[in-house]
Amino acid sequence: MKILIVDDQRSARRVLRHMLRTLPDLEIEEAESLALAKELIGSMAPDLLLVDIRLADNSVDRSGLDLLRWLRETARTIPAVMITASSELVEIREAMRLGALDYVLKDELCPEMLLPIVEGLRERFQLRGEVSQLRKRVERAWGTAQIVGSSPQMERVRRLVDRVANADSPVLIRGETGSGKEMVARAIHEMSSRSSQRFLAVNCSALPGTLIESLIFGHERGAFTGASRRVRGQLELAGAGTLLLDEIAEMPSELQAKLLRVLEDRTFRPLGCEDELQLRARVLAATHVDLETRMRRGQFREDLFYRLNVVTIELPTLAERQEDLHELVHWFVAEIPRKLRFSEEAMEWLRKRTWPGNVRELKNTIERLALLADTTDIEVPVLQELVGEDADRSRMELDHLAKAILALPGRLGSKLEVVERAVLEQAVATCGGNKSAAARLIGLDRKALERKLERFAEPGVVPAED
């Protein structure tokens, strides 16, 4: 907090400075004249003025009031506390009329009178700053403003969100894990006329089929063993808002049929309920898997796919939009209290990483650096220590390995499938058959690992020979 003391008497200025010494984080300047006060106000931009009404020995001179008039004429809203004698009541009234915050009588001047005024003003500044920060955070995280990136892929995503926001049709959001599917769903909701209503998200892979059905549709008391009370499902709780069905590919097949009917008829029936309820919410869906492959295997209903696939928004991986990395880093840094600064070399190091976890992995990396880095100036050695080994070395090793794979004999069939199968089987063997550990080693979730192993177990996907 910056304070400017304006008084023509040096002893008076020293008294005020001495009284303020107990308050932390103060920057105090002094001015003995009106001219110097105006100059310092322009250069230091004080948060508070402590002004003597009389700035000269001449009893007619009331240049402290002239300072208030000048502040008013120049539209400067700087709080001022006037220091005055008890005999100057007319001047006190004039000072308050000109916008003075408060006044303190010289014969009552003491820390008990002055410090509460300064502390109260400091609290107001802090509260105003917190409100401003909250307002900025809300503005940053609202609608398409939260979709960060200037790459052509992200510009297209923003355009699609703008165009589909106020429609009631389903939207299918596709992209790898961590690419921001739920963020896009929220942006659609916030840009729509439903923004004042609820936004709910259900992860269809998080619970077994029976619980997912109850969670989405709700149930009546006694609908099944353990149903001791009526529970409203997400379709009902969403009201006239938006419901996101995340990881829609993991929804059990019998539940897929029920969802299709809901989307077609705009009605649903909770478990154990005789009456149908009207669906008022808009339904969005998201997935990171290849639904077309799931349909060919009979694992996802074709009619539901076409009902959901009215509009599709494809999210690129972070590796596919590396030009956005600089913006993303600064966006995430702005969200944390510790302000990190990245050198150009550090930014280049980050750009060379593959980021299998996409934007979510980058965000977690920034948070880890904020917590663990000894300095706020982030250089390559800090990244190597806290994030992982040098990306240049990893890239060189991968390039060398890729050349060796391409040199394999053509009779092995599809080299990509051969390599993927070998990596999966080696990971499972290395982990002693523990699929959860193998999935962590590769960087997948267990379900994704099992799907890949099942695909290679099918006769039709054995690598064909030339």
Closest heavy-atom pair and its distance - L318, N358: N-OD1, 3.0 Å
Check E417 with R421, please: is the shortest side-chain N to carboxylate O separation under 4.0 Å? no
What is the minimum heavy-atom distance between R360 and T177, and which atoms define it? NH1-CG2, 3.4 Å
Are the side chains of M1 and V118 in contact, using a 4.5 Å heavy-atom criterion? yes
How far apart are the C-alpha atoms of V311 and S169, what are their side-chain angles, what is the distance that settles it, and do they pass the side-chain contact (heavy atoms from CB on, under 4.5 Å) test? CA-CA 8 Å; V311 177; S169 302; 5.5 Å; no
Report yes or no: does R321 contribute a side-chain atom to a donor-acceptor pair with the main-chain N or O of G149 at less than 3.5 Å? no
Are K435 and E425 close enough, and set up right, to give a salt bridge (charged side-chain N to carboxylate O under 4.0 Å, His left out), and what steps lead you there? CA-CA 10 Å; K435 291 182 180 179; E425 292 176 349; over 6 Å; no
Salt bridge between E450 and R446, side-chain N to carboxylate O under 4.0 Å? yes
Hey, what do you get for CG (D246) to CD1 (I173), rounding to the nearest 0.5 Å? 8.5 Å
Within a radius of less than 6.0 Å around CZ of R76, do more than 12 heavy atoms belonging to other residues, nucleotides or ligands occur? yes
Between the main-chain N or O of S205 and the side-chain N or O of K447, is there a donor-acceptor pair closer than 3.5 Å? no
Okay, side chain of Q256, backbone of R301: is any donor-acceptor separation there less than 3.5 Å? yes
Tell me whether the count of non-hydrogen atoms from other residues, nucleotides or ligands lying under 6.0 Å of CZ in R156 goes above 12. no
Are side-chain N/O atoms of Q197 and T242 paired as donor and acceptor at under 3.5 Å? no
Gap between atom CG of L444 and atom CD1 of I442 - 0.5 Å precision: 5.5 Å
Side-chain heavy-atom pair R280, R266 within 4.5 angstrom cut-off: no
Would you mind listing every ring pair (Phe, Tyr, Trp, His ring centres under 6.0 Å) that reaches into residues 290-316, with sequence neighbours excluded? none
Looking at R294 and A249, would you say the former's side chain and the latter's main chain have a donor-acceptor pair under 3.5 Å? yes
Quick one: closest heavy-atom pair of E182 and A201, and the distance? OE2-CB, 4.0 Å
Should F217 and L277 count as side-chain neighbours, where that means a heavy-atom distance under 4.5 Å? no
Just so I know, are the side chains of R198 and L237 near enough to count as touching, which here means a heavy-atom distance under 4.5 Å? yes
Do the side chain of E385 and the main chain of V382 share a donor and acceptor less than 3.5 angstrom apart? no
As an exercise, state the distance from CD1 of I3 to CZ of R122, rounded to the nearest 0.5 Å. 7.5 Å
Any salt bridge between R261 and E276, counting N to O under 4.0 Å? yes
Would a distance-only check, ignoring hydrogens and angles, find a side-chain to backbone donor-acceptor pair under 3.5 Å from E302 to M295? no
Between the side chains of R351 and E348, is the shortest nitrogen-to-carboxylate-oxygen separation below 4.0 Å, so that they form an ion pair? yes
Report the C-alpha distance between R353 and V387 in whole Å, list the side-chain angles of each, state the deciding distance to 0.1 Å, and finish with yes or no for side-chain contact (heavy atoms from CB on, under 4.5 Å). CA-CA 10 Å; R353 289 182 67 82; V387 180; 3.8 Å; yes
Taking C-beta and beyond as the side chain, do V289 and L291 meet within less than 4.5 Å on heavy atoms? yes
Interatomic distance, E213 atom CD to L259 atom CG [nearest 0.5 angstrom]: 11.0 Å
Before you tell me yes or no, could you show the steps for N364 and E367 under side-chain contact (heavy atoms from CB on, under 4.5 Å), namely the whole-Å CA-CA distance, both residues' side-chain angles and the distance that decides it to 0.1 Å? CA-CA 5 Å; N364 292 341; E367 291 178 355; 4.1 Å; yes
Check whether any side-chain N or O of E379 sits under 3.5 Å from a backbone N or O of A346 as a donor-acceptor pair, and report yes or no. no
Tell me the ring pair (Phe, Tyr, Trp, His ring centres under 6.0 Å) pairs involving residues 145-202, sequence neighbours left out? H189-F199
Interatomic spacing from CG in L50 to CG in L4 - rounded to 0.5 Å: 8.5 Å
Considering all heavy atoms of both residues, which atom of A238 and which atom of L243 are nearest to each other, and what is their separation? CB-CB, 4.3 Å
What are the two closest heavy atoms between L362 and L328, and how far apart are they? CD2-CB, 3.7 Å
Could you tell me whether E314 and K181 make a salt bridge, using a distance below 4.0 angstrom between a side-chain N and a carboxylate O? no
Any chance the side chains of T267 and D265 put a donor and an acceptor closer than 3.5 Å? no
Six-ring centre of F268, K258 cation under 6.0 angstrom, axis tolerance 45°: no
Looking at R159 and D162, does any basic side-chain N land under 4.0 Å from a carboxylate oxygen? no
Counting heavy atoms not belonging to E274, are there more than 12 under 6.0 Å from its CD? no
Do E176 and P356 make a side-chain contact, defined as non-hydrogen atoms from C-beta onward lying under 4.5 Å apart? no
Using a 3.5 Å distance criterion without hydrogens, assess whether the side chain of R307 forms a donor-acceptor pair with backbone atoms of P170. no
Would a distance-only check, ignoring hydrogens and angles, find a side-chain to backbone donor-acceptor pair under 3.5 Å from R341 to T376? no
Nearest atoms (heavy-atom pairs only) where A373 meets R338: O-NH1, 2.7 Å
Looking at side-chain heavy atoms only, is the closest gap between V283 and L245 below 4.5 Å? yes
Charged N to carboxylate O below 4.0 Å: is that the case for R451 and E454? no
Salt bridge or not for D168 and R194, using N-O below 4.0 Å? yes
What's the separation between atom CG in L20 and atom CG in L114, rounded to the nearest 0.5 Å? 5.5 Å
Is the backbone of Q322 close enough, under 3.5 Å, to the side chain of W355 for a donor and an acceptor to pair up by distance? no
Whether K2 and E29 form a salt bridge (side-chain N of Lys/Arg under 4.0 Å from carboxylate O of Asp/Glu) is what I want to check. no
Counting C-beta onward and ignoring hydrogens, is there a side-chain heavy-atom pair between V333 and F342 closer than 4.5 Å? yes
